[in-house]
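Here the structure is laid out as structure tokens; the discussion comes afterwards.
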Amino acid sequence: MKEKDLKRAYNNVMAQTISASHQHLFAGNSFGDIFVLKIQELDKGTEEPPGKLKIFPQGNGVDINCLAFHRDFLIVGAVGLIYGLPWNEEEETLAAKRSWEVKIPMQVDAVEVPDVNSMWLNADNDTLFAGCGDGVIYQVSLEDGRIQREYRGHTDYIHSVVGNASGQIFSGAEDGTVRVWSTKKQEQTSLLEPHKNPQLIRPDWGKWIGAVAVSEDWLLCGGGPRPSIYHLRALECTRVFDFPGRVHLCEFVDDSVFIGGEYNHVQSYTLHGELQANIPVEHTACYSVVWQTAPINLMSIAGFSNKLHILKDFRFLDSKIELYGNVQGEDNQAEDEEEELIEEPLIGEAS
Amino acid sequence: MSTAIEVVDKAPAKFANYFALEAAFKDALEKAIQQNSVELLVTAYNSFKANSEHDKRLPMDQAFRVLLMKRLDEDVQNIGDLVRLSVKATRAEIVSTTIPVVLLIDTFDVVTLDKCQEIFRFVEELVEVWKEEIFFASCKNNILRMCNDLLRRLSRTQNTVFCGRILLFLSKFFPFSERSGLNIVSEFNLDNFTEYGLDSKDSQDDNDKELEDTAEDIPLKIDYDLYCKFWSLQDFFRNPNQCYNKAQWKMFQMHAENILQSFSSFKLEDVRSSGSDNASDAGSQSMDIDVETTDPAAVATAVIKANHFFAKFLTNPKLLALQLSDSNFRRAVLVQFLILFQYLQVTVKFKIETYTLTSDQADFIKDTEPRVYKLLEETPPYGRRFARTVHHMLIREEMWNNWKNDGCKEFKKPEEPVASEEEVKPPPTKKPRRPLGDSLRDAARNGKFFLGNDNLTRLWNYSPDNLQACKSEQRNFLPLLETYLETPHDKVDPGFEWRALRLLARQTPHFFTSLSQPSSKTSDYLEQVRKRLIRDKEPKPVVMTSSHSLEHNNGLAANHGHTESVNFATESPESPAEAEPDLEVDDTEQVVDEAFEPAAYEKPLMVTKEHIEEVAPLIGEPWMKVGKKIGFSNDELLYFQMENPAANLACIKMLTNWISEDDDDATLDNWAYMLEGLEMNKAAEAVKAIIERERSGSTAAVQAAVSASDDNDVEVLSD
């Protein structure tokens, strides 16, 4: 019981992903638990509470740093390894046994096992790009689990990797650089150093880049330096966003820019830098956002708290979903107790 | 047809006559309506002298009603004409008083709602007529019935505008404090239930459930997402008394918090440009000034602009996102909050005693209400104006509420208290007031005006002729350009530059001559002008004195001759450099100039006590002018005058004061310039002579012409 309370208090959700069927949302935390939420439950439009979540523990030693979903696999990026778990859509169960594993090779001079901090999945050619704690991006073929290529250049651990269909890979790292790679070229194609731009630098918070996102024309990055967008071809900083905290997540959503991090609000800006929405969140820090537009509009923001924040139209906080304490199959008594605990802050004195 | 039946009913009494009358009246009516004059009808009516009034009225009524039935298919306007004619006929007492209303009732009974809406216009237009004594007494009930019949036919949700028109008409028609339409016991319209949820079945169940719940008094539903939270609030708005239930209040508080937070998290953008935003602010300001005139207009335009009004909320979950982004919707909900808060706070006669707010609740409302207002203000367009209007309406609502609490007293025009005040007031005001002409005459005679206040009186009598006093130089607060340019200022200070340019335009012709080096920066330009002015001042003795001698070609001419010769003598070594300022200034010359300037300006010659004693007699009586120029205030000058009755002594005292206080400005050059400005040429010359003397004295080693100038100075002084 006590452990449960501790977990609830220190739940750090680092990763989320949505299934290929767009019906389930997976959220993984640093305790190695994967929560599965049925998205339909959020769209009932009635006064009944959404159904409970399913939980699939991955064992104590597993930190879930990032998640991806491909075909019928949930891909988990943990410490020093990436593995796949088959997802059974009918029964809504995640297999306990890993169907494959890819180990991240230890560098010769490495002191600790590298984390898999960020993954970007290129579903078209079954390739996974994993940005790791050793400063290397590994290109993994999902056909055979082989590491096809290593992208070397970053001098510190990588926080964020994204790519686009034209074969460009963008990575942001602790060393303060954003590097652009091409799958067709050995060397990095270009290098950005936002911390050298006086408009962006926030000296108190360091030079690291916490998150990178790309759209068709724009590259968005932020971290210790202020979040800003760069034009993709010119690589010129065109707009600075006034997000008041350290940045751990940024995303292009429709025509706007979502930025979150160590701040009690997640903010949405227009591309012109105007603040559109200022959404209050309970997370101490936000680490992950996933969103989809079909079959229903849904965005889920996760971070250091026991709740997923659900936005249905990307502008208003719609609801908050409890994680621990809202899980199917917890024994009844515990459940009852917990139910009361949850409701207490809401209702206070019920009778 | 009802008319036919009536005819049959009434026929037996006076068979032939009735029809004859009716036929005759009908003809007359046809003509009357064509010419739109009631005279024809009256003459037709009066032509049947044999019949009694009562006998004649019925057929006349009948004629109107039959004609109406005939004309129903025609243009709506004709019906209006007929009704107006019937009003006139009623006034002429040839028909029964109810006939105009009966005509309208007949019409509304048989035409479609669309047409009703058009015809109702006549009802509205004639509202003043209905209120007249003869009509009001007899038609009151008929009109009320007519309106209620219409309202019954209309859908409250579809024909909102027409319903509103009818209600507005009723409120205009009945006296202000009429209670018949009033919700006296303050019941809520509990039927106005807002259903929500995916299918109506569900909500039906909820509805039932809720009824049970209220019976059990522990209804606890937790709503899980924004949608449910949002619409569950409507239930509180529908029945505010729920808020007095503790558990429900908690729920309300939580949801309200949530919704308001959502509203504040996503600010609506003002679609209009910022320019018109200013206009809106200006508009709102004007509203402050004149609530009555601009307010209805603004509301009207707002209504026209937002031409979509729903009497019921649409609760489809898919609409929620759109609704939350819709400023009208947002306003509607926010106003609901305000209304609820108001209800909870005010005392209402029919509220149960247990319905009182706990201090927590009161605190919550106190905190939340300003937030709601703030959100209203932030909701474009015209947010601030809207918020103020709502506030105004709510205050008015409170008034109505108090009126109701007091048992709906009749309103009286507050004439009596005003009248009584007037009765009380005049005596005290009349007694002390003398005719204005008398007091003016006295004042003119005594040379002193009494303005009823010591200070005002003192100010007014400060100078015998106030207009003249206004013209005095002392009222001229413009600083001299030279001194102004020298005052310390920021390097780039637009305010300073602007003022300097204004002074420049006023005081020197340099403003109109273009400089050789046009600079884009005003500060540079001013700096150049400053230098030029200094340069101009330098050779002033030469230029100015000669011009003076031309201007004032009077007894002083001899004097001028002397000084001129002095000047030429002393300045001959410098003349190559000094001659140029009158010519076009070139860059090279400027350099020479500047190189030269420091020598002359290194040590400004200060005024000393000896100088003052020397010059003061020359200033003489008008020493006060000099004082003003120097910058002494009136009080100070008066003080000097009082201390020293002799002008000479006062002048010396004042000038000594000046040099001891204002050590930077008190240079001989400034003084000479000042005296010249005041056209005290004698004194000016004297000062200039001192300058020459001092300067030559200080540069004695270099200058050869010292003794000559000294001699000349003596001459001048002895003059």
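Everything numeric here is computed off the predicted structure, so don't read it as measured data. Here is how names work: the chains are called A, B, and so on, in the same order as the sequence lines, proteins then strands, and each is numbered from 1.
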Could you tell me whether A:Tyr10 atom OH has more than 12 heavy atoms of other residues or ligands within 6.0 Å of it?
no
Atom pair CZ/OG of A:Arg315 and B:Ser265 - distance to nearest 0.5 Å
10.0 Å
Kindly check if the number of other-residue, nucleotide or ligand heavy atoms within 6.0 Å of CG (B:Asp367) is above 12?
yes
For the side-chain contact (heavy atoms from CB on, under 4.5 Å) test, which of A:Leu317, A:Asp313, A:Asp318 pairs with B:Leu226?
A:Asp318
So with a 6.0 Å cut-off around NE2 of B:His391, is the heavy-atom count from everything else above 12?
no
Spatial distance of atom CG (B:Asn258) from atom CZ (A:Phe316) [nearest 0.5 Å]:
12.5 Å
Under 6.0 Å from the CD atom of A:Gln292, do we count more than 12 heavy atoms belonging to anything else shown?
yes
Give the C-alpha distance, both sets of side-chain angles, the deciding distance and a yes or no for side chain to side chain contact (heavy atoms under 4.5 Å, CB included) between A:Ser319 and B:Tyr227.
CA-CA 9 Å; A:Ser319 50; B:Tyr227 171 74; over 6 Å; no
